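Report on the following structure.
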Amino acid sequence: MRVQELRYFNARSERDLIRVIRVIRGCLHMKKIGILFGQEHSFPPAFVERVNQKTGGKEIVAEFVRIDKVIQGEPCGYDVVIDRISQDVPFYRAWLKNAALTGTAVVNNPFWWSADEKFFNNALATKIGVAVPRTVLLPSNQPPTDTNDKSFRNLQYPLNWEAIFNYVGWPAFFKPFAGGGWKNVYRLHNPEEFYRAYSETGQLVMMLQEEVKFDMYFRCYSIDQRHVRIMPYEPRHPYHLRYQTEWQAPKDILQRVERDVLTLNQFLGYDLNTVEFAIRDGVPVAIDFCNPAPDAEAANVGQANFEWVVETVSEMAIRKAREHRPGRDNLSWGKFLQAAVTRRSLGQLA
């Protein structure tokens with residue numbers, strides 16, 4: 001208040017006084033967008049600069065999130081927060097849930113992100129018309145901490161390995177049912193390799209997934225559940241070269257890819273995500289679509305893709321800030337949960 005009072009008393013005319021009042025009123029109604037991030041370098045500052053450039057710092061302003069205290073049930077001061085790091089920092093995830101409770105529009109929904117995992121995503125895809133590889137879920141090789149033999153009375157062991165292997169086929173990928181970054185991922189060719197890899201996974205819950213031999217491959221940004229950027233991608237190349245490829249895809253395949261990207265994210269409720277598709281015999285097969293903090297570093301994705309992401313996420317954040325309603329739920333909830341709440345089938349919302 002001291003700055004406001006000083007400006008008030010320094011006003012030399014009625015016109016100055018009106019101008020000061022307008023400035024104060026504008027500050028009181030200023031919408032704030034924050035970005036929460038970790039080791040990224042290029043995307044966060046570019047995002048903040050782009051939002052402020054678009055809004056001129058009037059009515060809506062963007063900044064890096066600052067946290068100095070977290071009090072239960074108290075607002076965080078941001079109307080919108082773009083979350084890029086809470087998957088690695090549980091403290092941030094808890095802060096975001098408290099912020100969402102008090103009305104902040106968090107991208108992505110921290111409650112759904114906490115509950116979601118890759119195996120469920122694959123299972124959901126089978127119900128909404130999106131092709132996915134044959135996949136099975138497996139219990140951890142080593143029992144979780146604080147369990148014993150009695151904890152697994154409902155689990156038949158040994159599992160029916162023959163039926164599992166026949167269903168998935170070889171080669172196959174063996175990877176955690178949650179997580180990312182190509183950690184603990186194996187490409188296997190037979191049961192012997194599987195058992196050896198399984199013995200190395202400790203308490204990780206894993207899934208065995210059919211390998212899709214593809215003719216083309218795409219990685220697709222999905223933003224705001226309405227914008228899609230389809231990027232040619234070659235996962236067999238070194239990481240820094242994966243976007244430096246071209247596929248000559250027919251228009252109908254690209255249309256199917258875009259449709260499936262939107263379908264998946266509308267049902268999952270993600271406002272920012274990437275979906276990877278392997279094209280097999282003309283059919284897009286969704287390989288990986290649980291990436292709510294997708295890579296957006298300019299050096300990795302290329303300048304053109306980077307520019308598109310910065311622009312599109314900025315537009316989304318500004319829209320959410322303008323539509324924000326204080327004290328209400330401002331999160332995105334996917335059609336899967338909407339169907340559950342309204343007692344409708346998934347097909348009715350497809």
Side-chain angles (χ1 to χ4, degrees), residues 30-66 78-88 92 96 104-110 113 180-181 218-233 239-245 254 257-258 261-262 264-266 268-276 288-324 330-332:
M30 180 76 74
K31 298 280 191 178
K32 287 179 65 176
I33 298 171
I35 183 166
L36 186 68
F37 65 100
Q39 300 180 47
E40 290 181 288
H41 299 290
S42 58
F43 178 72
F47 166 78
V48 168
E49 181 180 1
R50 183 65 54 86
V51 170
N52 291 332
Q53 182 184 67
K54 286 177 170 293
T55 65
K58 300 176 181 178
E59 298 183 2
I60 299 174
V61 64
E63 65 182 33
F64 297 160
V65 166
R66 290 290 180 265
Y78 293 96
D79 299 279
V80 179
V81 170
I82 306 298
D83 172 23
R84 303 285 296 162
I85 188 60
S86 75
Q87 74 277 7
D88 295 329
Y92 285 157
L96 288 165
T104 301
V106 181
V107 177
N108 284 291
N109 184 327
W113 195 349
F218 298 98
R219 197 164 200 254
C220 310
Y221 278 115
S222 174
I223 296 176
D224 211 10
Q225 300 180 36
R226 63 189 76 183
H227 303 294
V228 175
R229 184 170 180 83
I230 301 174
M231 302 173 290
Y233 190 77
Y239 190 78
H240 67 288
L241 297 176
R242 291 180 181 178
Y243 291 94
Q244 297 180 27
T245 187
L254 295 178
V257 166
E258 181 172 0
V261 169
L262 292 174
L264 286 168
N265 285 282
Q266 287 166 2
L268 292 169
Y270 285 128
D271 287 317
L272 178 57
N273 195 6
T274 51
V275 183
E276 295 183 17
D288 183 28
F289 42 100
C290 189
N291 301 294
D295 183 12
E297 282 294 292
N300 296 337
V301 304
Q303 194 60 42
N305 294 327
F306 176 76
E307 174 63 26
W308 185 89
V309 173
V310 171
E311 177 70 15
T312 312
V313 174
S314 298
E315 287 288 342
M316 173 182 65
I318 292 170
R319 179 187 66 79
K320 285 182 176 290
R322 287 175 174 153
E323 296 177 358
H324 178 268
N330 287 283
L331 297 174
S332 293

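Note that the structure is predicted; figures quoted are calculated from it, not measured.
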Residues forming a side chain to side chain contact (heavy atoms under 4.5 Å, CB included) with [X], sequence neighbours excluded:
X   : result
Q39 : none
I85 : L36, D83, D88, V89, Y92
A62 : I33, V48, V51, N52
D79 : K31, K32, H324

Please enumerate all residues that pass side chain to side chain donor-acceptor pair (under 3.5 Å) together with [X], with sequence neighbours excluded.
X    : answer
S42  : E297
E49  : none
R219 : Y243, T274, E276
N300 : D295

E315/R319 salt bridge by N-O under 4.0 Å criterion: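 Judged by the 4.0 Å cut-off on N to carboxylate O distance, R319 and E315 do not form a salt bridge.
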What pairs of residues pass the salt bridge (charged side-chain N to carboxylate O under 4.0 Å, His left out) test when at least one of them lies in residues 298-314, not counting sequence neighbours?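 Output for this query lists R50-E307, R50-E311, K54-E311.
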Please identify each residue that fulfils salt bridge (Lys or Arg N to Asp or Glu O under 4.0 Å) with [X], with sequence neighbours left out.
X    : result
R226 : D224
D288 : K118
R229 : none

